[in-house]
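Written out below as structure tokens is the structure these notes cover.
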Amino acid sequence: MAKNLLIVESPAKAKTINKYLGKDFHVLASYGHVRDLVPKEGAVDPDRHFQMNYEVIDRNEKHVDAIAKAAKVADSLYLATDLDREGEAISWHIAEILKQRKLLEGKTLHRVVFSEITPRAIKEAVAHPRQLSMDLVNAQQARRALDYLVGFNLSPVLWRKVQRGLSAGRVQSPALRMIAEREEEIEAFKAREYWTIEADCAHPDTRFKARLLKLRGKKFEQFDLTNEADAMAARSALERSAQGRLVVANIESKERKRRPAPPFTTSTLQQEAARKLGFSTSRTMKIAQGLYEGVALGDEGVVGLITYMRTDAVHLSAEAIHELRDVIAKDYGPQALPEAPHYYRNKSKNAQEAHEAIRPTSALHRPRAVAAYLNDEQRKLYELIWKRAVACQMQHATLNTVSVDLDAGGDSLFRASGTTVVDPGFLAVYEEGRDAKNAEDDDEGRKLPKMEIGEAVPLAAIDADQHFTEPPPRYSEASLVKALEEYGIGRPSTYASIIQVLLNREYVTLDSRRFRPTDVGRAVAKFLSGHFTQYVDYDFTAKLEDELDAVSRGEEDWVPLLEKFWKPFKATVDEKSETVDRSEATGARELGIDPKSGKPVQVRLGRYGPFAQIGSKDDEDKPTFASLRPGQSMHTITLAEALELFKLPRKLGQTDDGEEITVGVGRFGPFVKHGSMYASLKPEDDPYTIELPRALELVREKAELIANRIIKDFGNGIQVLNGRYGPYISDGDKNARIPKDKEPRELTEAECVELLAAAPNRPKRGGRFGKKAPAKAAKTARSTKAPAADAPKKAAVKKAPAKKAAAKKTAAKKAPAKKAAARKTAAKKTPG
DNA sequence: CAGTGAGCGAGCTTCCGCTTGACTT
């Protein structure tokens, strides 16, 4: 048995390191954190020096046990978790657990760290162990406690003031704020008209266009021409003074270098994969995880193709640079190889740099060579990572920009620019994508004809074009991640899940891959930034990081740090809970007066979302209510649109048997009702205009569906049914899958009873509390165990209803037609 | 599963950051 036990966080890492260290070492993975605060109230006690109540994370219990078992027979323990704050804490927690289980007696415990997975780095680390840094651990505990205190105190305020089940946190709330504030900017934006003037030059060699640079002795600026009359006048004047030609007044040629982008971090990988491959952040991470864990490469066996994908570091190991340079010289020639390697340093302040940048584990695994073993998405992502890493060590590109000034007479000038590549350098392999095009991009690759000063260039036409400034764009997943990283909010391992939280809470929706805040999202963002300003400030995390750094350097103590935060925070929570009015917090609006009743019309945010209301609860007769339609927002709805909502339900007519047919909008969208049967409208149907024949058709379809749903009915509640995922058995309470080799139609009652008994227990719906999916259920499910073994049943019972409801919610949401986005078309450029 | 929204107040929700698998109605 191995004498030494070494613990790392990731099992893939454990596998690799095992190979490097040989027989004397047994390498195990902790699978991330092993202990965490109990996920309920009172996990941190501010009254008792912020004492923290930890427990082993359920899903990692088996890994902890494996570590404990191996520790028992080992002589020495090496805790080799990541070298950052979180990694130090994991090591400490493992040590604490082992101490509690009395497994450390008579053993030596070492802390070792490395920031790259190479044989050299690992051996070096093992040769130079150190002790656990309690300062670093305490910095982590402070971070953990603060996040808990913010989240578990702010969220309940939202439950009381806005809506049940909502959440707030140090990271998610500023992220939401960004999206909500961008929406306000867009709504407040007033498009400005401006005109550009271009000369269309008919040079005998090449036709080209030139932008107006100077008009009647004055430098031409964006808003110098803001209406058609002025633009036309300017154009005519230019036409008159130019007299059919422009004279070359000046030629400037400038050479400049372009340097390759640094190798990928999590954030830049997510951005570039979105730009170039159209991947979502979670897609990118999933594919990268697969490449990291390993791919079967024929004779070579299973090989991890990339280094760790959750990193904020841009540095590369010496070995990696060496190999990249070899490949560059071999594949692209010695002139593509700079004399010295390029070293990159991190710009983001909160970087913890526990890993290398994301790179191929070996540059020798060229994309073309491994392509056969990868699926489509893996191939694309690997190629991107490989090229970026190779390019970052290549020669810079040399570009030449030629600018020609053309005199139009009357002290007016046009300028044409063209940029050509003198030496492509790294551009031969890879160039980073861009989010927004600018004028310079248009010039790129454009080659102007050879001209000389004094030469007259024939003028084909002078064009004046109308433009409108455009509002700032809504955030995409990638641009949100970029913004978060710039503020130091969130970590590489959480970028994708932050987005998931905002979506799960229904704070935002993705529309054409851009974030739009919902009414609830806007209400929460506004409430928090208005009443808890400093805690959802974009700089809150950065300031916290400074303090945590001081703690980790041993200059400050973590308890006073928390004390300093907690007192004013708690006071604010208490005060706001008392004083803030609920309808103010939810952003209620008065729209005007209903002409029919003379009563005021309001939009408010209720338990089930935004709704319009005519009259108030103090009136003699009760107010009437109507939910807003999908796509409508309480921030933008008009009185007329709101009144329209009250036209439902409509009576369409009667069937022969005297049953009434009505159409209305319910929780699950527009529907036709016939007796007690409801049939959903299709996306192309409009509840306001639908007529009787179409409604009857929908009713008939629904009846048919119900008839076909039942494959077999045994009369005792047990049925064989047709569902979304194919046929299944149900006793009304519990469902069972049908084995592949069984024909559903031929199942006997006894077989069904047996299958139902064998099926896993599924509790009934969680009733009215099942509306939202807790982020945790989707993400970590910490409180859930397999119902087997010693797990308390309660945990499983708790989780399932929420998950079920969440699935339904999304399914129901797909049904209504997407509102066609009305877009302005004329705008081409934005100022600044 | 299908028209709720106030208020009464059972019991309930919620954070961030480390890591990988599990499985539908």
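Computed from a predicted structure; not experimentally measured.
A:P11 comes within 4.0 angstrom of sugar-phosphate atoms only, judged by non-hydrogen atoms across all strands, and of no base. Using a 4.0 Å heavy-atom distance criterion, A:E293 is classed as a sugar-phosphate-only contact. As judged by a 4.0 angstrom heavy-atom cut-off over every strand, A:F646 is placed among residues making no nucleic acid contact. Among the protein residues, A:A168 comes within range of the sugar-phosphate backbone only, with heavy atoms under 4.0 Å from sugar or phosphate atoms but none that close to a base. When heavy atoms are screened at a 4.0 angstrom cut-off, A:Q172 is found touching the sugar-phosphate backbone but no base atom. If you check every strand for non-hydrogen atoms under 4.0 Å, A:V171 touches sugar and phosphate atoms only. Counting any heavy atom pair closer than 4.0 Å across all strands shown, A:G490 reaches sugar-phosphate atoms only and no base atom. Within the 4.0 angstrom heavy-atom criterion, only backbone atoms of the sugar-phosphate kind lie near A:D82; the bases stay farther away.
The distance between atom NZ of A:K13 and atom P of B:dT19, rounded to the nearest whole Å, is 8 Å. Here the P atom of nucleotide B:dG17 and the CZ atom of A:R144 are 10 Å apart, to the nearest Å. Atom P of nucleotide B:dT13 and atom CZ of A:R505 are separated by 11 Å, given to the nearest angstrom. Look at CG on A:L544: it is 13 Å from C1' on B:dC15, rounded to the nearest Å. In this structure, the OH atom of A:Y54 is 17 Å from the P atom of B:dC16, given to the nearest Å. As a whole-Å value, the separation of A:D312 CG from B:dC18 C1' is 14 Å. One interatomic measurement links the two molecules: CG of A:L158 to P of B:dT13, which rounds to 16 Å at whole-angstrom precision. One can place NE2 of A:H93 at 13 Å from C1' of B:dC16, the figure rounded to the nearest angstrom.
For the pair A:Y148 and A:Y308, both in contact range of DNA chain B, the more 5′-proximal nearest nucleotide belongs to A:Y148. Heavy-atom distances to DNA chain B give each of A:K40 and A:T494 a nearest nucleotide, and the one nearer the 5′ end belongs to A:K40.
Side-chain N/O atoms of A:D82 and A:H355 include a donor and acceptor closer than 3.5 Å. Side-chain atoms of A:T541 and A:R170 include a donor-acceptor pair closer than 3.5 Å. The closest side-chain donor-acceptor pair between A:S577 and A:R160 falls under 3.5 angstrom.
With sequence neighbours excluded, the residues forming a salt bridge (charged side-chain N to carboxylate O under 4.0 Å, His left out) with A:E644 are A:K647, listed by chain and number. Contacts of A:R143 classified as salt bridge (charged side-chain N to carboxylate O under 4.0 Å, His left out), with partners at least two apart in sequence or in another chain: A:E86, A:D147. In this structure, A:K161 has no side chain to side chain donor-acceptor pair (under 3.5 Å) partners at least two apart in sequence or on a different chain. Listed by chain and residue number, nothing satisfies the ring pair (Phe, Tyr, Trp, His ring centres under 6.0 Å) test with A:H674 (two or more places apart in sequence, or in another chain). Partners of A:E88 according to the salt bridge (charged side-chain N to carboxylate O under 4.0 Å, His left out) rule, which considers only residues two or more places apart in sequence or in another chain, are A:R111, A:R130. Scored by the ring pair (Phe, Tyr, Trp, His ring centres under 6.0 Å) test, A:H63 finds A:Y31 as partners (sequence neighbours excluded). For A:E96, the salt bridge (charged side-chain N to carboxylate O under 4.0 Å, His left out) partners are A:K99, not counting sequence neighbours.
Residue A:Q289 places at least one side-chain N or O closer than 4.0 Å to OP1 or OP2 of B:dT20. OP1 and OP2 of B:dC18 both lie 4.0 Å or more from every side-chain N or O belonging to A:S30. Considering only side-chain N and O atoms, A:S155 lies nowhere under 4.0 angstrom from the phosphate OP1 or OP2 of B:dT13. The phosphate of B:dC15 has OP1 or OP2 within less than 4.0 Å of a side-chain N or O from A:S167. Put simply, A:Y495 has no side-chain N or O that comes within less than 4.0 Å of OP1 or OP2 on B:dG17. Close to B:dG17, at under 4.0 Å from its OP1 or OP2, lies a side-chain N or O of A:R170.
The aromatic ring of A:W159 sits over the base of B:dT13, with ring centres less than 5.5 Å apart and planes tilted by under 30°.
Below the 3.5 angstrom threshold, one finds no donor paired with an acceptor across the side chain of A:R310 and the base of B:dC18. Side-chain atoms of A:R164 come within donor-acceptor range of the base of B:dC12, with a qualifying N/O pair under 3.5 Å. For B:dC18, its base never sits under 3.5 Å from the side chain of A:R491 at any donor and acceptor pair.
Paired runs in DNA chain B never reach 3 or more consecutive Watson-Crick or G-U pairs with both distances under 3.5 Å.
Set against B:dC18, B:dC16, B:dA2, the side chain of A:E86 has B:dC18 as its closest nucleotide. When distances run from any side-chain atom of A:Y728 to the nucleotides B:dA2, B:dC18, B:dT25, the shortest one goes to B:dT25.
Nearest heavy-atom pair, A:S267 versus A:E485, reported as atom, atom and distance to 0.1 Å: OG-OE1, 2.8 Å.
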So which protein nitrogen or oxygen atoms get under 3.5 Å of nucleotides 4-8 of chain B's nitrogens or oxygens?
{"residue": "B:dT4", "atom": "O2", "partner": "A:Y608", "partner atom": "OH", "Å": "3.4"}
{"residue": "B:dG5", "atom": "N1", "partner": "A:S627", "partner atom": "OG", "Å": "3.4"}

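Ion pairing between A:R604 and A:E590 fails under the 4.0 Å rule for side-chain N and carboxylate O.
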